[in-house]
Amino acid sequence: MGSSLQLGQPVQDFTLAGGVLDGDSFERRDYTLSAARGRAVVLAFYPGDNTAVCTKQLCSYSSGMETFEGLDAEVWGISPQDVDSHESFARGHQLRMPLLADPGRETARAFGVAAPGIGVRRAVFLIDADGVLRWKHVALLGATFQSLDTLAGHLSGINKA
């Protein structure tokens with residue numbers, strides 16, 4: 001898939017281990033993209049847990065979960081750290097979206113966002129309810145991230161299509 005991942009094309013299925021904070025418990029399970037069909041999915045690839053920009057990005061998305069839910073969308077954070085690291089990150093910042101572990105960066109490579117040195121480029125992919133890629137943004141440096149408002153605007157357009 002990689003760089004050939006084009007808008008308007010179906011996204012290849014994947015399964016990653018992950019977990020989500022639910023009250024005081026961290027619920028671990030596997031997340032499979034095809035199992036989310038029927039809802040839009042925001043895949044937010046990020047370089048690392050507990051780093052400054054990643055923390056700000058995921059806190060922003062977490063605090064806007066009602067906006068995503070109102071647009072019938074799920075948000076999944078994906079990075080190379082393991083599920084234990086994700087649990088600590090989620091608990092430390094009360095993150096309310098699933099965080100998925102891609103330690104071998106196979107999924108990041110499939111989406112064309114694996115990068116030498118940093119591991120994973122900051123990137124967002126919006127996938128519609130039928131599993132089709134509708135919008136993407138891949139950062140060159142990753143010092144900034146796509147805002148909740150930007151993502152909500154694109155999701156709103158997907159849902160009207």
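Worth knowing before you read on, the calculation uses all heavy atoms, side chains too, and leaves out hydrogens, waters and symmetry mates. Counting from 1, the numbers follow the sequence of the chain as shown.
With contacts defined as side-chain heavy-atom distances shorter than 4.5 Å, the pair V53/T144 does not qualify. Using a 4.5 Å heavy-atom cutoff, the side chains of C54 and F145 are not in contact. Side chains of F111 and F14 form a contact here, defined as non-hydrogen atoms less than 4.5 Å apart. In this structure the side chain of F68 never reaches within 4.5 angstrom of the side chain of E74, judged on heavy atoms. With contacts defined as side-chain heavy-atom distances shorter than 4.5 Å, the pair L21/R91 qualifies. At least one side-chain heavy atom of W135 sits less than 4.5 Å from a side-chain heavy atom of Q146. Contact of the Q57 side chain with the T51 side chain is not registered, since no non-hydrogen atoms from C-beta on lie closer than 4.5 Å. Residues T67 and L148 have side chains in contact (heavy-atom distance under 4.5 Å, counting atoms from C-beta outward).
Pairing each heavy atom of V120 with each of P80, the nearest pair is CG2-CG, 3.5 Å. Across S62 and M97, no two heavy atoms sit closer than the pair N-CE, 3.5 Å. For the residue pair R96 and V20, the shortest heavy atom distance occurs at O-CG2, 3.6 Å. The minimum heavy-atom distance between R109 and A114, with the atom names listed, is CG-CB, 3.5 Å. The nearest pair of heavy atoms linking S79 to H86 is OG-CE1, 2.9 Å. Heavy atoms only, all atoms of each residue included: L155 and V42 are closest at CD1-CG2, 3.8 Å.
To the nearest 0.5 Å, atom CG of residue L133 and atom CD of residue Q12 are 13.0 Å apart. Taking CD from E66 and CG from L71, the interatomic distance works out to 12.0 Å, rounded to the nearest 0.5 Å. One distance of note links OG1 of T55 with CG of D49; it measures 8.0 Å at 0.5 Å rounding. Here the CD-CG distance, from E87 to L95, works out to 12.0 Å after rounding to the nearest 0.5 Å. In this structure, the separation between CG on L126 and NE2 on H154 is 7.0 Å, given to the nearest 0.5 Å. Distance check, rounded to the nearest 0.5 Å: CD1 of I78 to CG of L99 gives 10.0 Å.
Using a distance-only test at 3.5 Å, with no hydrogens or angles considered, no donor-acceptor pair links the side chain of S88 to the main chain of S85. At least one donor-acceptor pair closer than 3.5 Å links the side chain of S63 to the backbone N or O of C59. Although no hydrogens or angles enter the test, the distance criterion places a donor-acceptor pair under 3.5 Å between the side chain of K136 and the main chain of L5.
Residues passing the side-chain hydrogen bond (donor to acceptor under 3.5 Å, both in side chains) test with D82: none are found, sequence neighbours excluded. R121 meets the side-chain hydrogen bond (donor to acceptor under 3.5 Å, both in side chains) test with no other residue; sequence neighbours excluded.
Judged by distance alone, the side chains of S25 and E27 do bring a donor and an acceptor atom under 3.5 Å apart.
Paired with T15 under the rule side-chain hydrogen bond (donor to acceptor under 3.5 Å, both in side chains), one option of T32, T107, D30 passes, and it is T32.
The existence of a salt bridge linking R37 and D13 is excluded, since no basic side-chain nitrogen approaches an acidic carboxylate oxygen closer than 4.0 Å.
Hydrophobic clustering (side-chain heavy atoms under 4.5 Å, transitive across Ile, Leu, Val, Met, Phe, Trp, Tyr) groups V138 together with V41. Linking ILVMFWY side-chain heavy atoms closer than 4.5 Å, directly or via other members, places V132 and I158 in two distinct hydrophobic clusters.
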| field | Audit row: R28, D84, salt bridge (Lys or Arg N to Asp or Glu O under 4.0 Å) steps and yes/no | value | CA-CA 10 Å; R28 294 171 183 243; D84 288 340; 2.7 Å; yes
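Classified by interplanar angle (parallel below 30°, tilted 30° to 60°, perpendicular above 60°), the ring pair H93/F89 is perpendicular.
Residues F125 and F45 bring their aromatic ring centres within 6.0 Å.
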